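Reviewing the structure listed below.
Worth saying up front: this structure is predicted, and the values here are computed from it rather than measured. In what follows, every heavy atom counts, from backbone to side chain, and hydrogens, waters and symmetry copies are set aside. Each chain gets a letter, A, B and so on, in the order the sequences are listed, and its residues count up from 1.
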There are 2 protein chains.
Amino acid sequence: MAYIYCMSTLARTPKQIGTIIQRARKQRDWTQSDLAERAGLRQGTISVIEKGDKPAKLDSILAVLAALDLEFRVGERSKGAGQDIEELF
Amino acid sequence: MAYIYCMSTLARTPKQIGTIIQRARKQRDWTQSDLAERAGLRQGTISVIEKGDKPAKLDSILAVLAALDLEFRVGERSKGAGQDIEELF
DNA sequence: AGTAAATATACGCCATAGCGTATATATTGT
DNA sequence: ACAATATATACGCTATGGCGTATATTTACT
């Protein structure tokens, strides 16, 4: 087990994941259609994923994250450390 | 944006996520049935998720990770840093 | 080896994610 | 205000995830 230095955002719910995706997309100045094309999905699906109010498939999320060149990490809970998505609002 | 200190494992595919989940479950000495009950799923579903050969729903994955008290993080790609799931084999 | 426990599969069923297509509703720029 | 672009919804359809239940198959223990 190695401790690593990384920059990431905690997500617990589909809505939070959607928000992270939307932020990353806008950082890249991509439209939902741009992202949809790169992820092999449709614009409407990106919209739904970003809103996060309807469940999505893991594969779709992974495709979107890969299209955004974002990493997906699973790890032990690190209380107090890091940036929680809720802090962003 | 804050840099944080964390321990996590990179995952890119459902199979890798399944492996992470299985490792965490065994660390806790839980059976698939134990995990299934805590996550509100069935043993068979846990089996499928751990194998990762069939797509799953994001909600199911999140439920499992929550049951394992694991964090889910999305972040910028940090080349070379951290522990890649592939290194585990 | 033999038994018990754990894990992997199977089958019918139901709910729903995402598609294709289309349109309504923001949002942005001039 | 207007036009153009971007985002949110809608509808029928198809594919499939997970359930409930049950049973193979594998693994662990004496």
- What is the distance from CD of Glu37(A) to P of dA6(D), rounded to the nearest Å? 13 Å
- When you check the phosphate oxygens OP1 and OP2 of dG18(C), does a side-chain N or O of Ser60(A) lie under 4.0 Å from one of them? yes
- Identify, with sequence neighbours excluded, every residue that meets side-chain contact (heavy atoms from CB on, under 4.5 Å) alongside Ala56(B). Ile49(B), Ile61(B)
- Note on the structure: Rounded to whole Å, CH2 of Trp30(B) lies from C1' of dA5(C) at a distance of 19 Å
- Item | Results of side-chain contact (heavy atoms from CB on, under 4.5 Å) for Asp29(A) - residues two or more places apart only | none
- Message: Whether Arg42(A) contacts dG18(C) is assessed here as follows: a side-chain N or O lying under 4.0 Å from the phosphate OP1 or OP2. Is that the case?
- Response: no
- Write down the distance between CG (Leu62(A)) and P (dG18(C)), rounded to a whole number of angstrom. 12 Å
- Taking 4.0 angstrom as the limit, do Glu71(A) and Arg73(B) come out as a salt bridge? no
- Would a distance-only check, ignoring hydrogens and angles, find a side-chain to backbone donor-acceptor pair under 3.5 Å from Thr19(B) to Lys15(B)? yes
- Message: Would the base of dA8(D) count as contacting Gln43(A) through its side chain, where contact means a donor and an acceptor less than 3.5 Å apart?
- Response: yes
- Roughly, in whole Å, what's the span from CD in Gln32(A) to C1' in dA24(C)? 15 Å
- Task: Take atom CD of Gln22(A) and atom C1' of dT7(D), then tell me their distance rounded to the nearest Å.
- Result: 10 Å
- Ranking Thr31(B) and Thr45(B) by the position along DNA chain C of their nearest nucleotide, the one closer to 5' is Thr31(B)
- Mind calculating the distance between CG (Leu41(A)) and P (dT7(D)) to the nearest angstrom? 15 Å
- Figure out the CG/P separation between Asp29(A) and dT28(C), and round it to whole Å. 12 Å
- Message: Counting only heavy atoms from other residues, nucleotides and ligands, does the tally under 6.0 Å from CD of Gln43(B) exceed 12?
- Response: yes
- Exam field: side chain Glu50(B) to backbone Ser47(B), donor-acceptor pair closer than 3.5 Å: no
- Message: Using a 4.0 Å heavy-atom cut-off, does Ile46(A) contact any base of the nucleic acid, only the sugar-phosphate backbone, or nothing at all?
- Response: nothing
- How close or far is atom P of dT5(D) from atom CG of Leu35(A), stated in whole angstroms? 20 Å
- Under 4.0 Å from any atom of DNA chain D, heavy atoms only: list the residues of residues 47-58 of chain B that qualify, in numerical order. Pro55(B), Ala56(B), Lys57(B)
- Message: Using a 3.5 Å distance criterion without hydrogens, assess whether the side chain of Arg28(A) forms a donor-acceptor pair with backbone atoms of Leu68(A).
- Response: yes
